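Given the structure is predicted, the values throughout are model-derived calculations rather than measurements.
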Amino acid sequence: MTAQLTATDLTKSYDGRTVLDSVGLSVTDGTRLGIVGENGSGKSTLLRLLAGAETPDRGTVTARADGSTGYLAQEETLPAHLTVQQVIDRSLAALHAMERRMRRLETRMAAGDTTGEVLTAYADLLTAFELRGGYDADARTERALHGLGLLGLPRDRTAGDLSGGEQVRLRLAALLASAPGILLLDEPTNHLDHAALTWLEDHLRGRRGITVAVSHDRRFLERVTTALLEVDADRHHTVRYGNGYAGYLAGHAAERQRRAQAHAAWTAETGRLRESAAVTARRVAPGRAMKDGNKMAYDRAAGRVQQSLASRVRNAEERLTRLLAHPAPAPADPLRFTAVPRTASAIRPAAGRPVLAADGVAVEGRLAPVDVSVPAGGRLLVTGPNGAGKSTLLGVLAGTTTPTRGNVVRHGRTGLLAQHGQAGPPGRTLLAAFADGRPGTPEEHTAQLLSLGLFAPERLTAAVGTLSAGQRQRLALARLVTEPADVLLLDEPTNHLSPALAEELEAALAAFPGAVVVVSHDRILCDRWQGPRLALTAAEPAVAAQAFAL
């Protein structure tokens with residue numbers, strides 16, 4: 001049986017708020033579908049509906065495959081008492097049950113029971129077991145544990161003694177070992193290092209059946225997916241793009257152009273109808289002279305003209321009303337840094353003088369001594385494993401963290417995008433948090449925030465406490481790109497952003513005339529980086545880097 005996953009008219013709401021509205025999709029055997037979209041758009045909700053973990057308000061999901069449907073939730077805590085081996089055995093329970101039934105039938109056949117019923121049952125079980133890769137289950141388990149960096153994990157160790165990252169990787173390894181016909185993954189690249197990421201991508205590219213993955217990892221989407229499905233948070237429906245990540249980017253560009261053309265046509269037509277109604281309303285019946293003295297006929301003709309003109313005015317006004325009721329909005333402008341850095345434009349430092357310099361800065365237990373020098377307009381990419389002190393270094397450079405030793409010199413204004421930014425009191429609205437400490441009227445703040453295309457108008461009144469991590473990140477990004485800065489310090493800036501928005505952010509950074517220091521694990525961002533790099537390593541007592549070249 002070839003795999004098939006179909007959803008029809010899926011609709012789901014929470015507390016009266018529509019998340020998905022009449023969503024449909026069809027995924028055929030061999031497809032690797034990526035699901036993308038902004039935080040809160042409904043990606044994880046859609047995956048839970050496909051997995052049967054939630055029930056839709058309306059609509060149906062049909063899944064057919066050799067084997068079960070396997071689902072990796074983004075947030076799930078394993079029962080603390082389960083051992084590593086028990087977690088694996090739980091995932092392989094269906095295969096083990098099939099194998100036990102086969103052994104019982106083999107025992108019956110060895111004892112002489114070779115009736116048609118027994119032989120048919122055994123043949124069916126054997127076929128299903130082989131299709132599920134039952135004989136390869138143990139080897140598959142070992143490969144998954146090795147590929148995800150867990151081969152050395154003691155099998156008798158309990159889940160409660162594992163870190164959060166180890167639990168996620170163990171759940172993923174156990175799921176892959178079960179070889180489901182339909183595999184549903186929610187942010188599977190979280191907590192994976194480079195080697196584990198590469199192994200997972202290669203494994204998914206080589207597996208049979210259907211794979212559906214929610215992900216923000218652009219390189220993962222680029223390497224794995226054959227098609228992408230974008231969940232539109234504003235319209236609560238989905239748009240499908242073929243040809244993987246490249247097709248998604250091309251489709252997004254084409255959609256932006258189409259919306260721009262539709263908006264231009266709508267604007268031109270509404271303007272024409274307004275003008276037509278106004279001009280026609282001012283016109284009067286021709287003032288030709290009465291030639292034959294027939295006043296009654298003359299008046300009838302004039303009346304027909306006036307009636308025709310009035311009808312044309314009504315038609316224009318009705319068409320204008322219909323158009324105004326269904327506007328074609330212009331696409332949001334690409335993300336850009338709207339404030340010009342003062343140093344880069346007006347107070348240019350002397351040749352060779354850095355706008356940001358750190359001399360031997362260190363933080364006890366968090367950051368080994370390091371030197372940094374960034375010139376005006378310079379670029380520096382900071383990489384390294386978790387715990388190497390990357391975020392701590394940015395805090396020191398921004399002045400939010402006090403170094404244990406060393407000193408920092410700054411020229412001009414520094415803007416910081418923290419990895420886990422604070423959005424203010426939870427009861428404050430999103431708009432109020434954006435406007436906090438800024439001059440201007442609420443109307444001006446609204447226009448400025450909406451112009452960035454980071455939030456839909458109805459979200460501006462949402463309480464900060466209800467925002468997801470990604471929405472808080474976009475709020476911090478909105479404040480950053482609209483404030484003047486000479487140096488931008490960005491900690492994992494593409495985390496939680498949709499792939500399209502991450503692409504826009506990269507383009508905005510490339511056009512920014514000031515200096516930029518970025519901490520990132522984003523493989524596409526790192527591969528595209530042009531400029532000096534600083535690799536921090538937790539094991540080294542000291543790491544030094546200079547970034548003098550523009």
*Can you run down the salt bridge (Lys or Arg N to Asp or Glu O under 4.0 Å) pairs that involve residues 206-230, sequence neighbours left out, and say none if there aren't any?*
Glu201-Arg223, Asp202-Arg223, Asp217-Arg523, Arg218-Glu503, Arg218-Glu506, Arg218-Asp522, Arg219-Glu222, Arg219-Asp527
*All pairs passing salt bridge (Lys or Arg N to Asp or Glu O under 4.0 Å) where residues 168-181 contributes a residue, at least two apart*: Glu76-Arg171
*Pairs in or reaching into residues 135-146: which pass side-chain hydrogen bond (donor to acceptor under 3.5 Å, both in side chains), with residues at least two apart or in two chains?*
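Sorted pair list: Asp136-Arg143, Glu142-Arg155.
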Does the [X] side chain pair with the main chain of [Y], one donor and one acceptor, at a distance under 3.5 Å?
X: Arg479; Y: Asp436; value: yes
X: Lys390; Y: Pro385; value: yes
X: Arg428; Y: Ala433; value: no
X: Thr466; Y: Ala463; value: yes
X: Ser91; Y: Ala174; value: yes
X: His252; Y: Gly247; value: no
X: Asp232; Y: Thr238; value: no
X: Arg474; Y: Leu454; value: yes

Measuring from atom [atom1] of [X] to atom [atom2] of [Y], what distance do you get when rounded to the nearest 0.5 angstrom?
X: Asp193; Y: Trp199; atom1: CG; atom2: CH2; result: 12.5 Å
X: Leu397; Y: Thr414; atom1: CG; atom2: OG1; result: 8.5 Å
X: Asn190; Y: Ser215; atom1: CG; atom2: OG; result: 8.0 Å
X: Ile210; Y: Leu183; atom1: CD1; atom2: CG; result: 10.5 Å
X: Arg205; Y: Thr225; atom1: CZ; atom2: OG1; result: 10.0 Å
X: Leu172; Y: Leu72; atom1: CG; atom2: CG; result: 5.5 Å

*Residues in side chain to side chain contact (heavy atoms under 4.5 Å, CB included) contact with Glu255, at least two apart in sequence or another chain*: Arg258, Arg259
*Taking side chain to side chain contact (heavy atoms under 4.5 Å, CB included) as the test, write out the residues that go with Thr383, two or more places apart.*
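Thr383 satisfies side chain to side chain contact (heavy atoms under 4.5 Å, CB included) with Leu381, Cys526, Ala535 only.
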*Do Arg438 and Thr482 have side-chain N/O donor and acceptor atoms under 3.5 Å apart?*
yes
*asked:* Between Ser391 and Asp491, do the side chains contain a donor N or O and an acceptor N or O under 3.5 Å apart?
replied: yes
I want to check something: taking the side chain as every heavy atom from C-beta on, are [X] and [Y] in contact at a cut-off of under 4.5 Å?
X: Pro499; Y: Leu221; result: yes
X: Val84; Y: Asp156; result: no
X: Leu497; Y: Glu504; result: no

*From Thr401, Leu490, Val517, residue fulfilling side chain to side chain contact (heavy atoms under 4.5 Å, CB included) relative to Leu394*: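 Exactly one candidate clears the test, Val517.
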*Should the pair Arg410-Asp486 be classified as a salt bridge under the 4.0 Å nitrogen-to-oxygen rule?*
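Salt bridge between Arg410 and Asp486, a charged N being under 4.0 Å from a carboxylate O: no.
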*asked:* Here's a test for you: under side-chain hydrogen bond (donor to acceptor under 3.5 Å, both in side chains), which of Lys43, Gln74, His216 qualifies with Glu187?
replied: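 Passing option: His216.
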Scan the side chains in residues 157-167 for donor-acceptor partners under 3.5 Å anywhere in the protein, sequence neighbours excluded, and list what turns up.
unit_1, atom_1, unit_2, atom_2, d
Arg157, NH2, Asp161, O, 2.9
Thr158, OG1, Asp161, OD2, 3.0
Ser163, OG, Glu166, N, 3.1
Ser163, OG, Glu166, OE1, 3.4
Glu166, OE1, Ser163, N, 2.9
Gln167, OE1, Leu78, N, 3.0
Gln167, NE2, Ala159, O, 3.0

